[in-house]
Amino acid sequence: MAEDHLGAISAGSSASVSFVAQLGRSFVPALVRLQQDWTAMVAGPEAAAGAAGAAAAAAAAGGLGDAEKQAMLLETLQELAGGYIEMCRRQLDSDEELCDPTQLLQGIRSLLASLAPLHEIAPQAKLLQRASRLCEQLAKRAVDGQMAKLQAGLVGIVRGLGPAATAAGPEALHAVLQTASAAVGGAVRETLSASTPLLAPLASLLQIAPDAMANHLVIRLQAALHAIASAALQPCPDATSALLRAGLCSQLAAEGVAHVQALLKLKLSPEGLGGAALGFETAPTQRLMAAAADHALQTFVELQAQAISHEMRVSVRDANWLTNPAPREVDPFVDQLLARLRSLQSVAAQVFPGEAPRTMLPQGPFPATSAAAWGGAGSRGGGSSEIQKGMQRLFARQISLELKLGVGDKLVLSRMLTQVVKLALKSLVETVRLGTYGRHGAQQLQVDCGMLRWVLPACVDDDGAVLALLDEVLVSCQDRSLEPAGAVDPSVMEGLCEHKRQQLLLALA
């Protein structure tokens, strides 16, 4: 029976499988003959013909008893067969083609079949048990190899969400993200298709509990998925890459992880191991993905805010606020800020399309002049004005600059935009505090903040914080003004801002 199996090794078998089969055909029969000859010579000398044969047998045995003779035979078989088993294991373990479960199963089946005749005549040597333990380790190594390959592929997908993937422009980001998400699912599906056929046949072949192998696969699969979150936490080459990482982890947290568990159950159920899929910890993996998504979003927000703040600082520092003429229009730094915020919305909407971007055009009637600006119009250093400034600054310091999102959050765009706006305005406050302003320079900043008060509150979730930061800009400007600026006439400010609104309408038409 064993010889029939050994002769059935197909021509398409890997080199290692063929080697194991050939070695089994040549080496194990020699061990069988050794056992038979030894038994004929020392275990049953009375069966030999004549006294000469008996004397020869006794001499060969060295005067040992039957127990000692059997122990010598057993030790010899274990040593020689053990070397053969180890040689086969190393050969199979080094074969890269054994990622294919059919090849690995064929190699293991060939090894066990070759030992069957020896086991039948010397079961006390426990050679099949020894071979089975080594084959179980081999199978686990094969599963580990599949999962290591999967993990490397998943990490590569995350790292591939870099400048090369975003070079096609913002309009292609949705397709890039969908391709990455599909690649994750495809890699998991391919790995499970290669690994799960090992489990039940192997357990039957080795006479071991199949659940142990299935649980081993589940644990390694979970570790491979966790590598996605770890890779997403690594430094990003640019803001768009961070956004794509956030989108991928968010999709996995919302749907992908649950889909993996369903796929795992689908693959294990035909093997009678569907219950092992319950060992896949969905909720902790989802939380890990959500945390990675939050981290990547925070990175995106910080990088965007840094870029916007840098442009705004340069524009504000380059302006000569001491010799400004009376305000005639909204300053260009406002145009730059709004353009960058629109660009951020456009990019983020490609990755998080579930929320409609909010308009970047002024909405509703022109807002009333802020209390902070009006408070500094009359006199410098008045008691009530100083109290108002102190309260304003205390409120501004309490504004949170941390981004908080949850799995399935439907306000990702507005919350990201809110965070970027707050960070940019905080930077504007610090820049204004380093400047020096004449009367018209301070009035120009009042107009600029008036335009931002008209546009930004409708775009953000935390309009109170945005308005407080704009007031803080004016308070800081008042502190750095060389003379009382006085409040710009509301009708003049509204006219200048309305002119800018019409320009924005034409630019976006």
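In this chain, residues are counted from 1 in sequence order. As a basis for the values below, the full set of heavy atoms in this structure was taken, side chains included, without hydrogen atoms, waters or symmetry mates.
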Side-chain donor/acceptor pairs under 3.5 Å, residues 487-497, sequence neighbours excluded:
{"from": "Asp489", "atom 1": "OD2", "to": "Ser491", "atom 2": "N", "distance (Å)": "3.0"}
{"from": "Asp489", "atom 1": "OD2", "to": "Ser491", "atom 2": "OG", "distance (Å)": "2.2"}
{"from": "Asp489", "atom 1": "OD2", "to": "Val492", "atom 2": "N", "distance (Å)": "3.4"}

Original post:
Checking side chain to side chain donor-acceptor pair (under 3.5 Å) for the pair Thr191/Lys149: CA distance, chi angles, key distance, verdict?
Top reply: CA-CA 8 Å; Thr191 300; Lys149 181 181 176 182; over 6 Å; no
Subject >> ring-ring contact (aromatic ring centres under 6.0 Å, His included): pairs with one or both residues in residues 327-362, sequence neighbours excluded >> reply: none
**OP:** Return yes when atom CZ of Arg358 has more than 12 non-hydrogen atoms of other residues, nucleotides or ligands closer than 6.0 Å, and no otherwise.
**Re:** yes
Original post:
So with a 6.0 Å cut-off around CZ of Arg313, is the heavy-atom count from everything else above 12?
Top reply: yes
**OP:** Decide yes or no on salt bridge (charged side-chain N to carboxylate O under 4.0 Å, His left out) for Glu355 and Arg415, but give the supporting numbers first.
**Re:** CA-CA 11 Å; Glu355 177 188 357; Arg415 291 188 180 184; over 6 Å; no
Subject >> Donor + acceptor pair across side chains of Asp479, Ser476 (<3.5 Å) >> reply: no
**OP:** Please assess Leu452 against Val455 for the test side-chain contact (heavy atoms from CB on, under 4.5 Å), listing each intermediate value before the final yes or no.
**Re:** CA-CA 5 Å; Leu452 292 175; Val455 176; 5.6 Å; no
Subject >> Qualifying residue for side-chain contact (heavy atoms from CB on, under 4.5 Å) with Leu243, from Gln350, Gln304, Met416 >> reply: Met416
Original post:
Under the side chain to side chain donor-acceptor pair (under 3.5 Å) criterion, do Gln298 and His295 qualify, and how do the steps go?
Top reply: CA-CA 5 Å; Gln298 187 69 50; His295 180 274; over 6 Å; no
Between [Y] and [X], is the closest basic N to carboxylate O distance under 4.0 Å?
X	Y	answer
Asp461	Lys422	no
Glu498	Arg501	yes
Glu311	Arg340	yes

**OP:** Dump the intermediate steps for salt bridge (charged side-chain N to carboxylate O under 4.0 Å, His left out) on Arg453 and Asp471, then the final yes or no.
**Re:** CA-CA 9 Å; Arg453 286 174 65 88; Asp471 288 348; 3.1 Å; yes
Which pairs would a plain distance check flag for residues 218-232, meaning a side-chain donor or acceptor within less than 3.5 Å of a matching protein atom at least two apart in sequence or in another chain?
{"from": "Arg220", "atom 1": "NH1", "to": "Asp144", "atom 2": "OD1", "distance (Å)": "2.9"}
{"from": "Gln222", "atom 1": "OE1", "to": "Glu281", "atom 2": "N", "distance (Å)": "3.0"}
{"from": "Gln222", "atom 1": "NE2", "to": "Glu281", "atom 2": "O", "distance (Å)": "3.0"}
{"from": "Gln222", "atom 1": "NE2", "to": "Thr285", "atom 2": "OG1", "distance (Å)": "2.9"}
{"from": "His226", "atom 1": "NE2", "to": "Thr285", "atom 2": "OG1", "distance (Å)": "3.2"}
{"from": "Ser230", "atom 1": "OG", "to": "His226", "atom 2": "O", "distance (Å)": "3.4"}

Original post:
Once the angle between the rings of Trp454 and Phe366 is folded into 0 to 90°, is it parallel (under 30°), tilted (30 to 60°) or perpendicular (over 60°)?
Top reply: perpendicular
